[in-house]
Peer 1: 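Right, I'll just put the structure down here and ask away after.
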Amino acid sequence: DATVDKPLLITVTWTNPSNTNLRSVRLYRTASSSTPDVDDIVATYSGEPNKKMVAVWGKMDGLTHNTYYYAHVDAVDHAGNVSALTGRVS
């Protein structure tokens, strides 16, 4: 989910997968609706299964007025396997 409560402040929330082999979760941000690539990763979080996560982006993160942003998440297990990207949130 993504919410915009204040100008230039975006809050993105998700729940990590339940896989006990989860190593990390990667958060992507793009300014276009195309599929992101590794250059669009803005954060990597440790993979605690089922944990509710929150990321907040603001002007200090490079956000600009009148721009749509899209967020995606994927998961990486301890063997290095990467899940499919989540559907985008804008």
Peer 1: With hydrophobic residues grouped by side-chain heavy-atom distances under 4.5 Å, do Val76 and Met53 end up in a single group?
Peer 2: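 In one cluster: no.
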
Peer 1: Does the side chain of Val25 reach to within under 4.5 Å of the side chain of Trp14, using non-hydrogen atoms?
Peer 2: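 Yes. Closest side-chain heavy atoms under 4.5 Å.
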
Peer 1: I need the minimum non-hydrogen distance between Ser33 and Tyr70, along with the two atoms involved.
Peer 2: N-CE1, 3.7 Å

Peer 1: Could you measure the distance from the CG atom of Leu63 to the CD1 atom of Ile10? Nearest 0.5 Å is fine.
Peer 2: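 These two atoms lie 5.0 Å from each other.
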
Peer 1: Which heavy atom of Pro49 sits nearest to which heavy atom of Ser18, and what is that distance?
Peer 2: CB-O, 3.8 Å

Peer 1: So, taking the atom named CG in Asp37 and the one named CG in Asp39, what distance separates them when rounded to the nearest 0.5 Å?
Peer 2: 4.5 Å

Peer 1: Can you tell me how far NE2 of His72 sits from CG of Leu27, rounded to the nearest 0.5 angstrom?
Peer 2: 10.0 Å

Peer 1: Can you see which heavy atom on Tyr28 is nearest to which on Ile41, and at what distance?
Peer 2: CE2-CG1, 3.3 Å

Peer 1: If you group Ile, Leu, Val, Met, Phe, Trp and Tyr by side-chain heavy-atom gaps below 4.5 Å, do Val82 and Val38 land in one group?
Peer 2: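 They do not share one cluster, since no chain of ILVMFWY contacts under 4.5 Å joins Val82 to Val38.
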
Peer 1: Of the non-hydrogen atoms in Tyr69 and Gly62, which two are nearest, and what is the gap between them?
Peer 2: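 Shortest heavy-atom contact: OH-O, 3.8 Å.
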
Peer 1: According to side-chain contact (heavy atoms from CB on, under 4.5 Å), who are the partners of Ser46, at least two apart in sequence or on a separate chain?
Peer 2: none

Peer 1: Any salt bridge (charged side-chain N to carboxylate O under 4.0 Å, His left out) involving residues 65-85? Give me the pairs, sequence neighbours left out, ordered by first then second residue.
Peer 2: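 Checked against salt bridge (charged side-chain N to carboxylate O under 4.0 Å, His left out) - neighbours excluded - the pairs reaching residues 65-85 are Arg26-Asp74.
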
Peer 1: Ignoring hydrogens, what is the shortest heavy-atom contact between Asp61 and Val56? Give both atom names and the distance.
Peer 2: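 Smallest heavy-atom distance, with atoms named: OD2-O, 3.7 Å.
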
Peer 1: Could I get the full list of salt bridge (Lys or Arg N to Asp or Glu O under 4.0 Å) partners for Arg29, not counting sequence neighbours?
Peer 2: none

Peer 1: Using only atom types and a distance under 3.5 Å, with no angle test, would you say the side chain of Thr30 pairs donor to acceptor with the backbone of Pro36?
Peer 2: no

Peer 1: Quick check against the 3.5 Å criterion: does Ser24 have a side-chain atom that pairs as donor or acceptor with the backbone of Thr44?
Peer 2: no

